[in-house]
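What follows is one structure encoded as structure tokens, with my remarks underneath.
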Amino acid sequence: MLPASKRLTKDKDIKRVNKAGQSYFSPLFKLKYLANDKSLSRFTVVVSNKVSKKAVLRNRLRRQLREIIRLNLKKIKSGHDIIVSVKSQSLGKTYQDLENSLNLALKKSKLLK
RNA sequence: AAAGGAAGUUAUGGUCAUUUAAAAAAGCGUAUUCAAAAAAGUAUAGACAAAUAAUAGAAUUUAGAAAGUGGGGGGAGGAAAGUCCGAACACCAUAAAGCGGUAGUGGGUAACGCCCACCCUUUUGCUGGUAACGGUAAAAGAGGACCAGUUCCACAGAGACUAUACAAGUCAGUGCUGCGCACUGCAAAUUCAAAAUUCAAAACAUUAAAUUCCAAAUAAAUUAUUUGUGAUUUGUGAUUUUGGACUUAUAAUUUUCAGCGCGUAGCGCUGGCCAAAUGUGAAAAGUGUUAAGGUGUGCUGUGCUGAAUACGGGAUAUCCCUUCAGCGUAACGCUUCUUAACUCGGCUCCUGGUGACAGGAUGUCGUGGUAAACUCUACCUGGUGCAAUGCUAAAUUUGGUAAGCAGCAUGAGCUGUUUGGCAACAAACAGUCAAGAUAGAUGAUCAUCAUCCAUCACUUUUAGAAAAAGUGAGGGAAUACAAAAUUCGGCUUAUCAGUUUGCUUGGACA
RNA sequence: CGGGGUGUGGCGCAGUUGGCUAGCGCGCGUCGUUUGGGACGAUGAGGUCGUGGGUUCGAGUCCCACCACCCCGA
């Protein structure tokens, strides 16, 4: 779990990012990011009902992704709000696959230091 | 197949996180809070709008304390799921009706569409009976009312429920049409038919005349007379036929049309009788079953009578077997009627039960199905849902949008014992406190152990195999179904291994 | 948390209210037509009406439960 200060919680903020943010599409994820005026980066992971009907699978995906972000926090640039939307292709993937794919996506969208 | 249960949630260790309550050691450290000093009673009027009064009152800096971090404790389910039903709680509304829901009886419950017990029905097994049906066990059942009204019941069938209908048959009356017969009328065509008179021709008749053949008789002798018969001619005619003329009634006949009557056929209409069986269909005018008798009928056998001689066979050769038809008869089957016995159900009465209902008695009766069709009856039912709602909110009051906090974990609670009850369940006593997130916690990842799965090898049991158990090897799974979203009670659905019960199959022993 | 809808041949849809033949268009196969193709004509195949129960003589249709998909509100 991320520290509370690094979570993107408010509905207002998320809508703002979705509307004005930049997008990056990878095979497994869809990234949305926007610069904020704070010294921290804030994250959220979205797993739609359409990915799977089973809450167990959705929750597991979300936890794994959050863990990946938490472990890689030092590499990521600060001062951004980032939304990670999960596609249904990532359902059967292992932890390693997810980590590699997300790192690649962050690199391509120039969010890594 | 079912039941109940949830077995790694405290298995161990490494790395790294999140939420929460109480208490607090070192170290770290100042985003937050507290009080102190300065800033300063200065700026400002403090997320928004309005009003009031003249109050309220920072940021920032310094050094502290609390708190934080650190360390330690707790942290998903039997279904948390589906969201089908019932409640708690909150606000709004509050007269009835309507909409909607439920449906055997009694009990349980805060309540329920849930649970328990019982009743009834159905199905299946066993069993008694010739059978209808009865008894018993298990399973299943949305199980009020079709004597309030309405709907629907395909195809088939006379008819699917008022048997005044429909169809067929039959009788009577009657309409139309066709045909036949008779009559009447109109029109057209044909004939002038018929009668009277008259003329002509032909036929016929002639007891008119003449001539003549033949025969007979008489007289004479080769002819005459007479008679008869036939022929011819002429004449005649109350005759017939044909043709012509004229007169009368203007007629008759035929055809068409129209009218009327009778008969007959067809198609209708009205009324009466019949309205049954077979058959149809899931169901047939209504409780069924059995027995006896009667009726009808089917099939088979058989006797008699008649017919046939195509095929086949025989022979004593216009026949027999055979085939067909009719009549009789016997057995069997089916239908219906009558009688008897039994059976099911309703009504009435009696007995038992809180009740659904059950048992019995006597007599009597025998109303199609469909309400998971509308409907009727009885009972229940106001609406919206925790994103309800309340509170805080930089002077005060009012408003209440963003935000935050509460609602929110002591409850129709859980565990155990005893008592009451067939049970569901209830009461008493004792013990106990066990998740609380909100872009959403209760975990991510790596390794080990336990556990499970199948395969192979070995060992034990055995005569041997199979099966079972154990050991080992390498491999797989890392647990199934599935994650609180205000909270409870149910229902429904999902679910690996193991356990229990039932059923099935195989083996061994008796 | 709550409300609504859909599921019928390969595709798109009727039939469901009101129970008794499962149909239409496109597509597909075969044959004809054409030098060949298209178009056209003829002909044929293809369905357990999402799944499982129930009511009924009879269920795509009525009732119950479940599955999948879609939409809406706070």
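Chain naming here is simple, since letters A, B, ... match the order of the sequence lines and numbering starts at 1 in each. Quick caveat, the model's predicted, so the values are computed rather than measured.
For the P atom pair drawn from U459(B) and A466(B), the interatomic distance equals 13 Å after rounding to whole Å. A gap of 15 Å separates the P atoms of G46(C) and G9(C), to the nearest Å. Using C1' as the reference atom, C408(B) and A58(B) are 37 Å apart when rounded to the nearest Å.
Base-pair partner of U448(B): A11(B) (Watson-Crick or G-U wobble, both distances under 3.5 Å). Across all strands shown, A35(B) forms no Watson-Crick or G-U wobble pair with both key distances under 3.5 Å. The base-pairing partner of G328(B), taking Watson-Crick or G-U wobble contacts with both distances under 3.5 Å, is U302(B). Taking a pair to require two hydrogen-bonding distances under 3.5 Å in either a Watson-Crick or a G-U wobble arrangement, A137(B) pairs with U124(B). Under the Watson-Crick and G-U wobble criteria, each requiring two contacts below 3.5 Å, nucleotide A282(B) is left unpaired. Pairing partner, A291(B): U339(B), with both Watson-Crick or wobble hydrogen-bond distances short of 3.5 Å. With both pairing distances under 3.5 Å, G75(B) is matched to nothing as a Watson-Crick or G-U wobble pair. Across the strands present, U417(B) finds its partner in A428(B); the criterion is a Watson-Crick or G-U wobble pair with both atom distances under 3.5 angstrom.
Nucleic acid contact class of Val46(A) (heavy atoms, under 4.0 Å, all strands): base.
Using a 4.5 Å heavy-atom cutoff, the side chains of Val86(A) and Val45(A) are in contact.
Consecutive pairing runs in RNA chain C reach the stem threshold at C:1-7 with C:67-73, C:10-13 with C:23-26, C:28-32 with C:40-44, C:50-54 with C:62-66, where a stem means at least three Watson-Crick or G-U wobble pairs with distances under 3.5 Å.
With sequence neighbours excluded, the residues forming a side chain to side chain contact (heavy atoms under 4.5 Å, CB included) with Ser26(A) are Tyr24(A), Leu28(A), Phe29(A), Ser101(A), Ala105(A), listed by chain and number.
Here A439(B) presents its P atom at 21 Å from NZ of Lys32(A), a figure rounded to the nearest Å.
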